[in-house]
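Heads up: the structure comes next, in structure tokens.
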There are 2 protein chains.
Amino acid sequence: MIQQENPQVIARTSLHRELVDRLQLLIIGGELAPGIKVPERDLCAQFGVSRTPLREALKVLASDGLVRLEPNRGAWVTTVTVSEVNEVFPVLGALDAISGELACEHITDAEIDEIRALHSQMIESYERRDLDSYFSINQKIHHAILLAARNDTLTTSCQALSLRMQRARYLANMTEGRWYDAVQEHEKILTFVAERNGKKLAKTLRDHMESKRVSVVRWLQNQDAASEE
Amino acid sequence: MIQQENPQVIARTSLHRELVDRLQLLIIGGELAPGIKVPERDLCAQFGVSRTPLREALKVLASDGLVRLEPNRGAWVTTVTVSEVNEVFPVLGALDAISGELACEHITDAEIDEIRALHSQMIESYERRDLDSYFSINQKIHHAILLAARNDTLTTSCQALSLRMQRARYLANMTEGRWYDAVQEHEKILTFVAERNGKKLAKTLRDHMESKRVSVVRWLQNQDAASEE
DNA sequence: TGACTTAATTATGAATTCAAAATTACGTTG
DNA sequence: CAACGTAATTTTGAATTCATAATTAAGTCA
């Protein structure tokens, strides 16, 4: 038998592209914590690659705002600041709104059913107070709407900005009250998707994002206050 | 005296960053025409750099959609397709709309005056039928509105998408009728900016972008038809 | 002892090198 | 002479090397 330790790896993609994906996961997963210096040497060892492709990946991540490059000093994982949140969420809101409008123009009955199913699962997660599951399904719903919008550019733009907001589980700041409200908002989202009511869906998605902004900012400020002790 | 043949080059920024900017200019200026293979070796010679920083820059440009990388085959300057235009313009429209809303919240009287002045200059360019000048001032107006929105994330997102639409002077498809309409739209834009009427400005900017989309698509299809002969 | 200088070490940025893939050129065969 | 297969060349992707900047450590002097 021919030696082939990872059969799935046809190595169809280049190293730097693979590294971009892996590093993104490390960053949004928190393994590469916000604020720390990117341990270039360690990562090279960990992935078994040389510095060249790793550094190429860092350049791409920097242009996406996930790391910050300082000339002759290296790369740092960016932190999520209040002002950044106040910038990004309104933009995401506008993009979500247009995605809702476009989705209503193109979505199929099957896709609506799928979103309905996801919604039910999400409600179950909510009732179990299973935050991880809730977030995961929540993302799937938003992604399903994006897919229905039939606009790859929009999808890419949204995901790039979402990534920046996902660093280090910042979204995990759900008070009981906020969580309840979010679920109510999602009920409206489902309704308007099912009705293919583009305008109302757009407005609901944008309001939803604004609520999220407020809630994330509040949490961040609590964090800041706590860390000052 | 110390030898210093290019005094302007303080080289404060890294090579790859500089190269990203230079290559962007070459691409949107048409010197690197859509569809051609990126002449890596030539560009290295032209800029007097090695392949490493140039290739880093290409990775960044690829993530911005200005070039397309094919594993083991190299990089190509992307072409503007009808479907891409149909994707990007609606997204740009949504971003422009939100930028109008935010601008009305933050813009100062001085900034309004500046936009008014730019608008007058643009009208003069229109009356002289000076397309280059018209486009240049047009861009400045949109940029001024973006600046007034006080949202760097929004600015970055808009500019990235705008760049993709600027390849090879595609915007230079102004019929007499379309040009007239565009100027009328800009009159409304100025009015609503001056009134700080966010909602109406948002709608006007979005409609403006939609008109642009239609016009660009029409022109692209004429191009395609012409090239098939 | 503490602040400042200077030397040693480390990390970064970019050029160079090298192996592998793709392309081109060439020769062979039907 | 056309199509296929093989060899030579070129190009790419990535590792390595090297010069320089930044950081740390050591030493000196008040």
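So that the names make sense, note that chain A is the first sequence line, chain B the second, and so on, each numbered from 1.
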Fill in the blank from the handout: To the nearest angstrom, the CG-C1' distance between A:Leu43 and C:dA11 comes to 14 Å
Exercise for the section: Report the nucleotide, chosen from D:dA22, D:dT11, C:dA15, that has the shortest atom-to-atom distance to any side-chain atom of A:Arg73. Expected result: D:dA22
Exercise for the section: Please report, rounded to the nearest Å, how far the P atom of D:dT11 is from the CD atom of B:Glu40. Expected result: 10 Å
Handout entry: Distance-minimising heavy-atom pair for B:Glu87 and A:Thr153
Key = OE1-OG1, 2.6 Å
Practice task
Using whole Å, report how far CG of B:Leu69 lies from C1' of D:dA14.
Solution key: 15 Å
Exercise for the section: Using the test salt bridge (Lys or Arg N to Asp or Glu O under 4.0 Å), find all partners of B:Asp152 that sit at least two apart in sequence or belong to another chain. Expected result: none
Problem - B:Cys104 to B:Leu201 - nearest heavy-atom pair and separation - result: SG-CD2, 3.7 Å
Problem - Separation of atom CG in B:Leu58 from atom C1' in D:dT12, rounded to whole Å - result: 12 Å
Handout entry: Atom-pair distance (CG on A:Leu15; C1' on D:dT12), nearest Å
Key = 13 Å
Handout entry: Integer-rounded Å distance: D:dA14 P and A:Arg17 CZ
Key = 11 Å
Practice task
Taking only Lys NZ, Arg NE, NH1 and NH2, and the carboxylate oxygens of Asp or Glu, determine whether A:Glu101 and B:Arg206 approach each other closer than 4.0 Å.
Solution key: yes
Problem - Atom pair distance, as rounded to whole Å: NE2 in A:His16 and P in D:dA15 - result: 14 Å
Exercise for the section: Figure out the CZ/P separation between A:Arg41 and D:dT23, and round it to whole Å. Expected result: 16 Å
Handout entry: Other residues, nucleotides, ligands: >12 heavy atoms within 6.0 Å of A:Arg22 CZ
Key = no
Handout entry: D:dT12 phosphate, OP1 or OP2, under 4.0 Å from B:Lys59 side-chain N/O
Key = no
Completion exercise
Sorted by number, residues from residues 47-56 of chain B placing a heavy atom under 4.0 Å from DNA chain D are B:Arg51, B:Arg55
Exercise for the section: Please state whether the rings of B:His208 and B:His186 are parallel, tilted or perpendicular, taking 30° and 60° as the class boundaries. Expected result: perpendicular
